[in-house]
Amino acid sequence: MTTDTSIDNASMAALLARVRDQRPLVHNITNYVAMTVSANALLALGASPAMVHAPEEVEDFAAISSSLLINIGTLSAGWVEAMKLAARRALSLGKPWVLDPVGVGATSFRNAVAAELLALKPSIIRGNASEIMSLAGVAGATGKGVDSTASSEVAIAAAVALAERTGAVVAVTGALDYATDGWTLVAIESGDALLTRSTALGCALSATVAAFAAVAPPLQAASAALAVYGAAGKQAARSCRGPGHLAAELCDALYAMDAALLARDARVDSRALR
Amino acid sequence: MTTDTSIDNASMAALLARVRDQRPLVHNITNYVAMTVSANALLALGASPAMVHAPEEVEDFAAISSSLLINIGTLSAGWVEAMKLAARRALSLGKPWVLDPVGVGATSFRNAVAAELLALKPSIIRGNASEIMSLAGVAGATGKGVDSTASSEVAIAAAVALAERTGAVVAVTGALDYATDGWTLVAIESGDALLTRSTALGCALSATVAAFAAVAPPLQAASAALAVYGAAGKQAARSCRGPGHLAAELCDALYAMDAALLARDARVDSRALR
Amino acid sequence: MTTDTSIDNASMAALLARVRDQRPLVHNITNYVAMTVSANALLALGASPAMVHAPEEVEDFAAISSSLLINIGTLSAGWVEAMKLAARRALSLGKPWVLDPVGVGATSFRNAVAAELLALKPSIIRGNASEIMSLAGVAGATGKGVDSTASSEVAIAAAVALAERTGAVVAVTGALDYATDGWTLVAIESGDALLTRSTALGCALSATVAAFAAVAPPLQAASAALAVYGAAGKQAARSCRGPGHLAAELCDALYAMDAALLARDARVDSRALR
């Protein structure tokens with residue numbers, strides 16, 4: 001693997017400092033289960049979260065925000081309208097927006113909504129292997145509800161294809177995490193299997209991606225978010241005997257994260273794809 | 001009390017192992033307050049939760065799920081439509097579904113919704129004493145909002161009558177927990193009074209009931225869920241000096257639960273009613 | 001500063017005892033992010049919370065409740081209708097209701113909703129400096145999404161003006177907290193800066209204000225809630241190394257609060273304004 005010096009632990013720690021310095025306002029249209037933990041992760045990190053979803057105000061709010069996250073976990077028709085209004089406004093203003101296609105592949109309604117949102121050109125897409133394969137149109141990718149049935153490695157080709165087709169950076173997470181813009185593949189080793197036993201931690205990761213997207217280009221932002229969040233997750237798991245306190249410990253780890261802790265608990269490699 | 005050997009700690013521990021082995025996909029249409037803790041309890045237990053409520057997709061989702069939970073805590077008209085669609089589909093597919101009639105008796109809207117859902121033949125109903133008495137049509141049962149004003153013993157007769165009338169297994173919880181199919185009454189001693197000081201723990205119990213309903217007949221499922229969850233609650237309360245960390249400790253206890261811990265912290269008796 | 005003997009630590013401890021004794025049913029129409037922590041804070045305090053928002057039942061529920069909280073954090077049109085129905089009913093029944101104007105100033109939709117709710121005469125308004133200045137019509141008060149960009153001292157004049165104009169008690173919170181009815185200004189020193197790094201703690205404070213409003217006149221209720229909650233927050237921050245466990249520790253501190261702890265961790269002064 002050749003090392004892309006623009007995406008390494010030092011540059012990621014610099015982006016973390018930039019988040020803390022700028023405190024970007026991150027507009028979240030996310031699912032009910034993930035709202036509290038996402039807001040807490042963003043606050044612990046140093047960003048300023050807001051959850052706003054009324055069609056009457058999402059365009060105004062997207063305009064005053066630094067970035068936007070759209071997560072389709074708990075859909076309903078009124079929210080889909082708001083998601084599209086907000087994404088369209090972010091796109092027209094050149095603001096970065098992140099799509100988390102939770103559970104895509106599970107129902108045709110969910111697939112249709114994801115396709116409509118994809119057409120609004122997210123800067124970054126973050127999902128598990130089943131979701132990314134489903135979005136990329138790989139057959140037989142259906143997950144188990146909102147959980148993946150495949151490991152992240154299996155979805156690398158789908159992630160690359162999706163990035164090439166959409167122009168988005170695609171992040172696929174699992175035991176190992178990957179981010180790609182179709183030209184470069186960044187692999188991040190961090191996290192812990194225990195994290196899959198606490199709800200919405202993937203959703204809060206996507207919110208974290210949106211915070212970094214406010215201060216850096218998409219591939220750097222996605223990679224730094226995966227590394228910082230994954231290192232925090234690894235630290236959280238280390239201090240837990242079960243999943244109950246993971247979300248709280250993760251927030252404490254995000255709050256305490258620094259360059260040394262990041263270097264210790266996240267291993268990052270990047271290589272050119274073509 | 002005669003002991004029904006089919007419902008004892010050993011058989012319950014076997015059902016817990018079955019949940020962990022099968023990791024049933026549990027479809028939750030539940031209230032906003034309870035979503036996160038319910039998902040976390042199910043994940044800690046070893047099940048796979050999903051929260052899906054759009055009328056456009058609940059039928060599809062009910063079809064791919066192993067069981068369904070409907071909790072009426074934070075109602076609105078659009079959600080009621082989704083609840084009925086999902087319950088009807090579960091019923092037609094022969095999938096178990098659990099009704100948690102939160103706050104029934106408090107308003108006429110809530111009473112009407114509960115009656116509509118009852119007509120869709122839940123496999124199991126789980127409520128507090130006030131709720132079960134209200135559903136059974138016992139006069140003067142009104143609770144205090146979503147909290148019961150009566151102890152669970154007072155509601156045993158109502159639970160038996162409701163089971164006989166509806167064909168559902170009825171679980172009524174409080175300081176002591178009871179489950180009945182109208183023929184057998186199972187009594188479970190576990191839990192702790194501190195649990196009433198942390199929100200939505202009864203709702204998360206109902207989600208746990210749904211997980212067990214995916215792997216066992218209704219009376220066995222309800223009894224095992226009450227015992228496993230109650231034992232975990234007792235363990236959680238033991239490690240807390242206040243209610244703040246109860247939900248997290250409960251998840252850790254569900255994650256660590258085994259036959260020995262279950263036998264230590266849940267006392268189960270069953271007797272024939274007729 | 002002259003000391004108003006009717007609002008001091010001893011009288012506040014007496015109101016806390018009254019909340020625990022009466023266990024008021026507090027009707028919450030609040031935002032999704034804040035629901036769980038608000039319910040948990042109310043339960044830890046000793047009140048009985050319920051979250052009910054369907055237009056079909058909010059009037060019935062307001063009628064059986066002791067007080068009402070309306071928080072506009074995550075608005076949508078259907079909820080605004082419910083908020084107005086509930087507030088109107090509370091007003092007509094002479095029941096106290098508390099307005100938390102989250103994020104007012106951020107969008108014109110939010111401003112319009114806040115104005116409509118103000119017209120329904122809340123007993124108490126609780127916000128951060130940006131929100132109170134925005135409601136009072138002070139120019140240039142826009143916050144950063146739902147976070148304030150100004151310190152609470154800057155908003156004292158706006159709080160007094162808003163109290164005089166509306167007849168409500170106005171509480172403005174920040175590093176220092178203030179409550180005023182336009183005649184008296186109560187200043188409370190408690191809390192900790194770490195509390196700003198955990199989501200919805202201001203919202204849960206507003207719910208706590210509603211609990212006290214069920215047992216005392218508005219200025220006494222607001223002051224006691226600020227002091228009790230602020231002292232609990234200070235104790236919580238003391239036992240945390242980051243924001244992750246703050247909400248849980250805050251609930252434990254509310255649960256354990258007594259006159260001695262309150263006197264130790266909240267400093268209260270009141271002075272006549274005219």
Side-chain angles (χ1 to χ4, degrees), chain B residues 30-40 51 71-81 102-114 130 142-149 193-204 236 239-250, chain C residues 22-66 74 76 78-79 81-82 232 235-236 239-240 244-257:
Chain B
T30 190
N31 72 73
Y32 301 117
V33 188
M35 285 187 183
T36 305
V37 64
S38 299
N40 277 332
M51 274 62 187
N71 172 308
I72 66 168
T74 52
L75 282 175
S76 58
W79 284 61
V80 173
E81 183 196 347
V102 177
V104 69
T107 69
S108 52
F109 176 61
R110 205 157 278 263
N111 295 349
V113 170
S130 291
T142 313
K144 184 174 191 174
V146 299
D147 295 327
S148 183
T149 53
L194 191 61
L195 298 166
T196 62
R197 303 297 283 269
S198 182
T199 197
L201 296 190
C203 303
S239 57
C240 288
R241 65 180 192 285
H245 295 277
L246 268 180
E249 289 292 322
L250 179 67
Chain C
Q22 297 187 13
R23 294 188 67 78
L25 177 56
V26 180
H27 179 185
N28 292 263
I29 305 181
T30 189
N31 72 73
Y32 301 117
V33 188
M35 283 186 183
T36 305
V37 63
S38 298
N40 277 332
L42 288 172
L43 286 169
L45 185 71
S48 181
M51 275 62 186
V52 173
H53 69 279
E56 292 86 347
E57 64 176 346
V58 286
E59 293 172 287
D60 286 355
F61 210 86
I64 62 169
S65 299
S66 300
T74 53
S76 58
W79 284 61
E81 184 197 347
Q235 292 155 19
S239 57
C240 288
H245 295 277
L246 268 180
E249 289 292 321
L250 179 66
C251 287
D252 276 0
L254 286 170
Y255 183 74
M257 188 62 63

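Chain naming here is simple, since letters A, B, ... match the order of the sequence lines and numbering starts at 1 in each.
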B:R110 (side chain) donor-acceptor with B:I72 (main chain) under 3.5 angstrom = yes
message = Below 4.5 Å, heavy-atom pairs only: which of C:A248, C:A54, C:G46, C:C251 has the largest tally toward chain B?
response = C:A248
message = If I measure from the heavy atoms of chain B, does C:L45 come under 4.5 Å with its side chain, its backbone, both, or neither?
response = backbone
key: Evaluation steps, side chain to side chain contact (heavy atoms under 4.5 Å, CB included), between C:S48 and C:L42   = CA-CA 7 Å; C:S48 181; C:L42 288 172; over 6 Å; no
inquiry  = Is there a side-chain contact between C:V58 and C:H27 in this structure, where contact means two heavy atoms from C-beta onward sitting under 4.5 Å apart?
reply    = yes
query = What are the residues of residues 239-247 of chain B, in order of number, with any heavy atom under 4.5 angstrom from a heavy atom of chain C?
reply = B:R241, B:G242, B:P243, B:G244, B:H245
message = Any side-chain to backbone donor/acceptor pair from B:N31 onto B:V33? Under 3.5 Å, distance only.
response = yes
message = Given heavy-atom pairs under 4.5 angstrom as the criterion, report whether the side chain, backbone, both or neither of C:A44 touches chain B.
response = both
message = Report which part of B:T36 has an atom under 4.5 Å of a heavy atom belonging to chain C: side chain, backbone, both, or neither.
response = neither
ask   = With distance as the sole test, does C:N40 use its side chain to make a donor-acceptor pair with the main-chain N or O of B:S198 at under 3.5 Å?
value = no
ask   = According to the interplanar angle, ranging from 0 to 90°, do the rings of C:W79 and B:Y32 count as parallel (below 30°), tilted (30 to 60°) or perpendicular (above 60°)?
value = tilted
request  = To the nearest 0.5 Å, tell me how far C:M51 CE sits from C:F61 CZ.
outcome  = 10.5 Å
query = Does C:P49 reach the side chain of C:L43, with side-chain heavy atoms less than 4.5 Å apart?
reply = yes
